[in-house]
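Nothing here was measured: the structure is a model prediction, and the numbers come from that model.
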Amino acid sequence: MNKTNYPSITQFEQHVELKDFRKPTKKEYVRYVRKLAEHFQCDPATLSENQLREYFLFLRQHKHYKAATMKGAKYSLLCFFVEHLKQEQWSVFREVRVVKPQVLPIVLSRSEVQTVLAAVREPRFRTCLTLMYHCGLRVGEAVRIELKDIHGRENPPRLHVKNGKGGKDRYVPLAPGMVEQLRQWWRTHQNPKLLFPSPGRGWADRTFTLSQAMHLGRGPMSESCVQAAYRMARAASRVNPASTTHTLRHSYATHLLEEGVSLRQISVYLGHNTLDTTVIYTHLTAISEARTQVALSKLYQALQG
C-alpha cells in the first residue's frame with residue numbers, strides 16, 4: 001500500500017481532475033502533495049501553516065529548489081490548502097516569492113542547425129527534429145501531430161498545433177518543401193492517423209519491420225526517444241553541448257527575427273501569451289543589432305545635416 005495514500009490526497013486527486021489542466025500538470029500537483037506527506041510522514045491535511053512554512057524553507061535551503069521547481073511546489077500546495085482545504089486565511093503563500101532568473105536561451109547558428117540535423121541517423125527522428133526547427137515546436141507538440149493537422153494544400157500551407165502549452169491551439173506556416181518532406185516521410189509507414197507513430201513492441205522483438213510497426217502504431221513516438229536522438233547527433237556534430245531539442249525552437253524564433261519577421265508575428269507562431277516572453281530573442285540576434293547601428297547612424301547624420 002502507498003504510504004502517502006491518505007484520504008485528503010485521494011480527495012485532492014478528484015479535485016484536480018475537475019480542473020482544466022493538462023494531464024502532466026495534474027500528476028505534478030498530486031506529486032508535490034505526496035512529497036509533502038512523505039516529508040512529515042502524516043496526512044498533509046493535518047499540517048499547520050507554520051509546518052508548511054518550515055517545509056518551504058527546507059525546499060529552498062536544503063533541497064536547493066530552483067525557481068521552476070519552487071514555483072511548481074508553491075502552486076500545487078496552494079491548490080491543495082487554499083482551494084481544496086479552504087485555508088484561505090493562510091499568508092504563507094504570499095510570503096513565498098519565486099523570481100525566475102532571466103537567462104538568455106542558447107541559440108544555434110543556421111549552419112549549426114544544418115550540421116546537427118544532418119547527423120541524425122534515423123529518418124523518423126531527423127524528420128521530427130527538422131519540423132521542430134521549421135515550425136518552432138516543442139517536442140511534445142511535434143510527436144503528437146496527426147495527418148489532419150497538416151494543411152498542405154492551403155495557400156500558404158500551415159500546420160495546426162493542437163493542445164500546446166496551456167492547452168492552446170495555434171497555426172504556424174509551412175514551406176512547400178517541408179510539406180513535401182513530410183509527405184515523403186509519411187509514405188514510408190502510411191499510418192492512417194499519426195505522422196510520427198510509435199513502432200511499439202512489435203518492432204522491438206522483430207515481429208514486424210519498422211515501417212510495418214509504425215503503420216500499426218496507435219500512439220505517438222516518445223518524446224524521450226527524440227531527445228536521445230538529438231543528444232547523439234549533438235555529440236557527433238560537436239555543436240554546443242548545452243543545447244537541447246528546445247534550442248531548435250529558440251533558433252527558429254531568432255532566425256525568423258533576423259529575416260525581418262515581426263516580433264508580434266513570431267509571438268503568435270510560438271504561442272506566447274505576451275510579447276514580453278518573445279522580446280528576449282531581440283538580445284540573441286547580431287543582425288538586429290547591426291540594423292540598429294545603421295538606423296542610429298542615419299539619425300545622427302540627419303542631426304548633423
Side-chain angles (χ1 to χ4, degrees), residues 22-24 108 113-165 167-237 239 243-249 251-252 269 271:
R22 296 179 64 200
K23 192 173 180 179
L108 300 179
V113 172
Q114 183 181 26
T115 300
V116 73
L117 292 179
V120 181
R121 293 183 179 182
E122 289 196 49
R124 54 177 172 152
F125 298 133
R126 184 166 58 252
T127 305
C128 185
L129 289 164
T130 300
L131 183 63
M132 288 172 61
Y133 168 68
H134 186 77
C135 294
L137 304 180
R138 302 174 179 91
V139 62
E141 295 170 341
V143 297
R144 293 195 304 269
I145 289 171
E146 299 182 0
L147 303 182
K148 62 183 179 182
D149 301 331
I150 304 167
H151 299 222
R153 299 187 186 280
E154 291 186 4
N155 189 19
R158 57 182 184 162
L159 177 69
H160 188 183
V161 183
K162 296 179 180 177
N163 196 27
K165 189 174 182 179
K168 295 180 296 183
D169 284 18
R170 68 184 188 278
Y171 283 97
V172 292
L174 286 165
M178 187 74 243
V179 175
E180 184 55 35
Q181 184 177 343
L182 296 180
R183 285 195 183 115
Q184 290 176 7
W185 159 245
W186 176 79
R187 290 189 189 110
T188 65
H189 62 77
Q190 298 186 36
N191 185 284
K193 181 180 179 181
L194 297 166
L195 182 62
F196 300 111
S198 170
R201 295 182 180 179
W203 176 66
D205 60 19
R206 299 300 187 265
T207 304
F208 303 108
T209 64
L210 178 59
S211 295
Q212 290 171 333
M214 294 185 81
H215 176 74
L216 298 171
R218 295 184 178 181
M221 65 183 182
S222 72
E223 298 176 25
S224 60
C225 286
V226 180
Q227 291 163 337
Y230 180 86
R231 288 193 296 270
M232 291 176 66
R234 180 187 65 194
S237 60
V239 299
S243 67
T244 67
T245 54
H246 207 68
T247 301
L248 296 174
R249 177 173 159 90
S251 303
Y252 160 85
Y269 295 155

Are [X] and [Y] packed together at the side-chain level, in the sense that at least one heavy-atom pair is separated by less than 4.5 angstrom?
X    : Y    : value
Q181 : T127 : yes
T245 : E223 : no
L174 : L131 : yes
F208 : H215 : no

Report summary line: In this structure, CZ of R187 is separated from CZ of R183 (nearest 0.5 Å) by 7.0 Å
Query raised in the report: Rounded to the nearest 0.5 Å, how far apart are CG of L182 and CZ of F196?
Result: 6.0 Å
What are the two closest heavy atoms between [X] and [Y], and how far apart are they?
X    : Y    : answer
P199 : A213 : O-CB, 3.2 Å
V120 : A233 : CG2-CB, 3.6 Å
V179 : P157 : CG2-CB, 3.7 Å
M221 : C128 : CE-CB, 3.7 Å
P192 : L147 : O-CD1, 3.7 Å

Could you tabulate the donor-acceptor pairs under 3.5 Å formed by side-chain atoms of residues 132-141, not counting sequence neighbours?
residue, atom, partner, partner atom, Å
Y133, OH, H255, ND1, 2.8
H134, NE2, A175, N, 3.0
R138, NH1, E141, OE2, 2.6
E141, OE1, R138, N, 2.9
E141, OE1, R170, NH2, 2.9
E141, OE2, R170, NH1, 3.0

Query raised in the report: Could you give all pairs that pass the salt bridge (Lys or Arg N to Asp or Glu O under 4.0 Å) test and reach residues 145-156, with sequence neighbours left out?
Result: E146-K148, E146-K193, D149-K162, E154-R158
Main-chain N/O of [Y] paired with [X] side-chain donor or acceptor, under 3.5 Å:
X    : Y    : answer
W186 : N191 : yes
S251 : L108 : yes
R124 : M214 : no
H160 : I145 : no
W185 : L195 : yes
R126 : A118 : no
H189 : S211 : no

Query - T188: side chain to side chain donor-acceptor pair (under 3.5 Å) partners, not counting sequence neighbours - result: none
